[in-house]
Amino acid sequence: MHAFRQAVEARDTDAIEALLADDVVFTSPVAFKPYPGKALTAAILRGAMRVFENFRYVREIADGRNHALVFEAEVDGKALTGCDFLHLDEEGRIDDIMVMVRPLSGANALAEAMAAQFPRIQREATAQ
């Protein structure tokens with residue numbers, strides 16, 4: 001099991017952040033532009049943990065430094081399925097995270113919930 005999965009399942013935000021490379025890039029399922037940097041990515045992941053309900057990984061696929069972690073969750077009563085695509089740098093730190101979710105109703109609920117979190121996410125990211 002990948003350490004990121006273990007940290008997320010344990011809701012250990014410190015362990016999650018420790019796995020991120022300084023130059024990590026986070027690509028959101030609901031935003032056009034990727035978010036660069038460890039502080040912002042860690043804050044986004046903390047925000048996601050606040051909005052996801054009944055989150056659980058259901059499958060893990062690994063190929064060298066590439067990992068796909070399939071999950072199921074709910075956001076504001078809407079069920080969704082998603083995947084965290086991770087790439088590890090040469091030191092084993094996550095340098096790329098891309099998240100995809102379906103169906104559209106779940107993605108829309110996630111977009112609304114994360115938009116409400118974004119002022120806090122920005123404060124957390126700049127406080128570091």
Original post:
Closest heavy-atom contact between A7 and A15?
Top reply: CB-CB, 3.8 Å

Original post:
What residues join V70 in its hydrophobic cluster, counting side-chain heavy atom gaps under 4.5 Å, either direct or through other members?
Top reply: V58

Subject >> Min side-chain heavy-atom separation L88-D95 under 4.5 Å >> reply: no

**OP:** Report the residues that fulfil side chain to side chain donor-acceptor pair (under 3.5 Å) with Y57, sequence neighbours left out, ordered by chain and then residue number.
**Re:** D84

Subject >> Atom pair CD1 (I121) and OG1 (T41), whose distance is rounded to the nearest 0.5 Å >> reply: 10.5 Å

Subject >> Pairs involving residues 66-92, ordered by first then second residue, that meet ring-ring contact (aromatic ring centres under 6.0 Å, His included) (sequence neighbours left out) >> reply: H2-H67, F52-F71, F55-F71

Subject >> Qualifying ring-ring contact (aromatic ring centres under 6.0 Å, His included) pairs, either residue in residues 100-125, two or more places apart >> reply: Y35-F118

Original post:
Looking at L80 and V75, what are the two nearest heavy atoms and their distance?
Top reply: CD2-CG2, 3.8 Å

Show me, pair by pair, the donor-acceptor contacts under 3.5 angstrom made by side chains of residues 20-28, not counting sequence neighbours?
from: S28; atom 1: OG; to: V30; atom 2: N; distance (Å): 3.0
from: S28; atom 1: OG; to: A31; atom 2: N; distance (Å): 3.3

Original post:
Any side-chain heavy atom of L45 within less than 4.5 Å of one from I97?
Top reply: yes

**OP:** Return the minimal non-hydrogen interatomic distance between G77 and E53, and the atom names on each side.
**Re:** N-OE1, 3.9 Å

**OP:** Count the heavy atoms belonging to other residues, nucleotides or ligands that lie under 6.0 Å from CG of D76, then report whether that count exceeds 12.
**Re:** no

Original post:
With ILVMFWY side chains joined below 4.5 Å, transitively, what does I61's cluster contain besides itself?
Top reply: none

**OP:** To the nearest 0.5 angstrom, please state how far the CZ atom of R5 sits from the CG atom of L19.
**Re:** 14.5 Å

Original post:
Considering only heavy atoms from C-beta outward, does the side chain of L86 approach that of N66 to under 4.5 Å?
Top reply: no

Subject >> side chain to side chain donor-acceptor pair (under 3.5 Å) involving R120 - partner list, sequence neighbours excluded >> reply: E124

**OP:** Can you run down the side-chain hydrogen bond (donor to acceptor under 3.5 Å, both in side chains) pairs that involve residues 102-117, sequence neighbours left out, and say none if there aren't any?
**Re:** R50-Q117

Subject >> Residue pairs, two or more places apart or on separate chains, that pass salt bridge (charged side-chain N to carboxylate O under 4.0 Å, His left out) and touch residues 10-19 >> reply: E17-R46

Subject >> salt bridge (charged side-chain N to carboxylate O under 4.0 Å, His left out) pairs, two or more places apart, involving residues 64-74 >> reply: R56-E72

**OP:** List the atom of A68, the atom of C83, and the distance in Å for their closest heavy-atom pair.
**Re:** CB-SG, 3.8 Å

